[in-house]
Amino acid sequence: MDDVLLTTTLRIHAAAGFVALVVAPLAMLVRKGGDWHRRWGKAFFYAMAMVAVTAIVAGILRPNVLMALVALFSFHMVASGYRALYLKRIHQGQRPELTDYVLHGTATLFNGGLFLWGVIHLALGHRDSGSIIFTVFGAIGLLMVWRQLRRFFQSNHDKREWFYSHMTGFLGGYIATVSAFSAVNLNMIKPMWLQWLWPTMLGAPMIALWIRYYKQSFAKGKRMHAMTDIRIR
């Protein structure tokens with residue numbers, strides 16, 4: 001019975017991961033905020049939710065802690081990017097909802113666990129790939145949580161920060177998806193930590209450059225409406 005459940009779960013997990021890999025680039029290519037951007041974005045979000053759920057189930061049945069924790073890490077990235085769309089008026093005094101505190105509070109626990117597990121093992125002399133992967137993903141996850149919580153409580157706001165948060169969350173989640181795909185399929189990449197982390201090494205600077213491009217465009221006087229279709233929901 002457990003074997004059947006595990007096989008079914010892994011098939012659903014693989015199918016949802018494939019959908020996420022395909023639809024995310026489609027959302028990037030179309031006009032930001034437009035109907036198709038929203039449709040592809042929602043498809044990506046729900047596919048990632050299914051990836052996370054099936055990874056947790058498979059991680060318990062197999063067991064595979066790394067698989068489950070990385071799926072949670074990636075879903076937190078996507079969920080924070082999705083929630084940013086509902087927090088566009090923080091600069092006008094809008095307050096986060098309970099959902100936001102639960103999301104980031106939970107993420108603090110499992111990202112903190114990832115980070116501590118990795119750091120402690122490295123400190124004990126275990127220079128294995130798992131320790132490196134846990135440390136890097138945990139550190140990135142904690143940084144994401146800190147940036148979101150700081151945004152909730154700081155007094156001065158950039159009115160476009162929701163836009164940057166949305167981009168960072170969804171693109172970061174996509175990088176994590178590519179990482180999982182690489183870990184499963186690109187066995188020719190050695191060592192294992194590089195097999196997991198090369199998407200982050202390439203993708204993180206690209207996200208930073210893309211956000212910088214938008215910030216420079218806005219600084220030169222371009223309006224948000226000229227570059228994206230803005231909707232409160």
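- Between Thr177 and Val78, every side-chain heavy-atom pair lies at or beyond the 4.5 Å cut-off.
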For residues 42-51, run the donor-acceptor check on the side chains, cut-off 3.5 Å, and write out each pair with its distance to 0.1 Å, sequence neighbours left out.
none

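- Evaluation of the side chain to side chain donor-acceptor pair (under 3.5 Å) test over residues 128-141, restricted to residues two or more places apart or in two chains, returns Asp128-Ser131.
- Contact record, Gln195 with Ile189: OE1-O, 3.5 Å, taken as the closest heavy-atom pair.
- For the pair Lys215 and Tyr164, the minimum side-chain heavy-atom distance is below 4.5 Å.
- Put simply, CG on Leu87 and CZ on Arg95 are 10.0 Å apart, with the number rounded to the nearest 0.5 Å.
- For Val178, the side chain to side chain contact (heavy atoms under 4.5 Å, CB included) test picks out Leu21, Tyr174, Trp198, Pro199, with sequence neighbours left out.
- In this structure a side-chain-to-backbone donor-acceptor pair under 3.5 Å is present from Ser179 to Trp196.
- The line from CG of Leu197 to OG of Ser182 is 9.5 Å long, rounded to the nearest 0.5 Å.
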Show me the donor-acceptor pairs within less than 3.5 Å that the side chains of residues 107-124 make with the rest of the protein, sequence neighbours left out.
unit_1	atom_1	unit_2	atom_2	d
Thr108	OG1	His104	O	2.8
Asn111	ND2	Ala107	O	3.1
His121	ND1	Trp117	O	2.9

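- At least one side-chain heavy atom of Val145 sits less than 4.5 Å from a side-chain heavy atom of His76.
- Legend: side chain to side chain donor-acceptor pair (under 3.5 Å) pairs involving residues 202-211, not counting sequence neighbours: none detected.
- One finds the CZ atom of Phe163 at 10.0 Å from the OG1 atom of Thr168 (value rounded to the nearest 0.5 Å).
- In this structure, Tyr214 and Arg160 have side chains that are not in contact, with every pair of non-hydrogen atoms separated by 4.5 Å or more.
- In the hydrophobic cluster analysis, where Ile, Leu, Val, Met, Phe, Trp and Tyr join through side-chain heavy atoms closer than 4.5 angstrom, Val184 is grouped apart from Phe18.
- In this structure, Tyr213 is not a member of the same hydrophobic cluster as Leu209, with clusters built from ILVMFWY side-chain heavy atoms closer than 4.5 Å.
- Under a cut-off of 6.0 angstrom, the local environment of OH in Tyr101 is crowded, with over 12 non-hydrogen atoms contributed by other residues, nucleotides or ligands.
- Of the inter-residue distances, the one linking Ile207 atom CD1 with Leu171 atom CG reads 4.5 Å to the nearest 0.5 angstrom.
- Hydrophobic clustering keeps Leu142 apart from Leu149 (ILVMFWY residues linked when any side-chain heavy atoms are closer than 4.5 Å, directly or through intermediates).
- Chaining together hydrophobic side chains whose heavy atoms lie under 4.5 Å apart places Leu143 alongside Trp146.
- For the atom pair CZ (Phe152) and CD (Gln94), the distance works out to 9.5 Å, reported to the nearest 0.5 Å.
- Side-chain contact between Trp162 and Tyr86 is absent, with no heavy atoms from C-beta onward closer than 4.5 Å.
- Within the structure, no pair that satisfies the salt bridge (charged side-chain N to carboxylate O under 4.0 Å, His left out) test touches residues 6-17, not counting sequence neighbours.
- Judged as a side chain to side chain contact (heavy atoms under 4.5 Å, CB included), and not counting sequence neighbours, the contacts of Arg39 are Asp35, Trp36.
- Nearest heavy atoms, Phe137 versus Thr200: CE2-OG1, 3.9 Å.
- Contacts of Gln154 classified as side chain to side chain contact (heavy atoms under 4.5 Å, CB included), with partners at least two apart in sequence or in another chain: Arg150, His157, Glu161.
- Counting all heavy atoms, side chain and backbone alike, Met192 lies closest to Gly130 at CE-N, 4.2 Å.
- Applying side-chain contact (heavy atoms from CB on, under 4.5 Å) to Thr9 and the options Ile56, Ile60, Val4, Val57 leaves one that passes, Val57.
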Please tabulate, for side-chain N and O atoms in residues 66-75, each donor-acceptor pair with protein atoms closer than 3.5 Å (sequence neighbours left out).
unit_1	atom_1	unit_2	atom_2	d
Ser74	OG	Val70	O	3.2
Ser74	OG	Ala71	O	2.8

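- For residues 16-30, the set of pairs meeting the side chain to side chain donor-acceptor pair (under 3.5 Å) definition, not counting sequence neighbours, is empty.
- Met206 and Met77 are assigned to two separate hydrophobic clusters, defined by single-linkage of ILVMFWY side chains at heavy-atom distances under 4.5 Å.
- Both Phe170 and Phe181 are members of a single hydrophobic cluster when ILVMFWY side chains are connected at heavy-atom separations under 4.5 Å.
- Rounded to the nearest 0.5 Å, atoms CE (Met28) and NE2 (His37) are 9.5 Å apart.
- Heavy atoms only, all atoms of each residue included: Ser165 and Arg151 are closest at OG-NH1, 4.0 Å.
- Qualifying salt bridge (Lys or Arg N to Asp or Glu O under 4.0 Å) partners for Arg83, counting only residues two or more places apart in sequence or in other chains: Glu97, Asp100.
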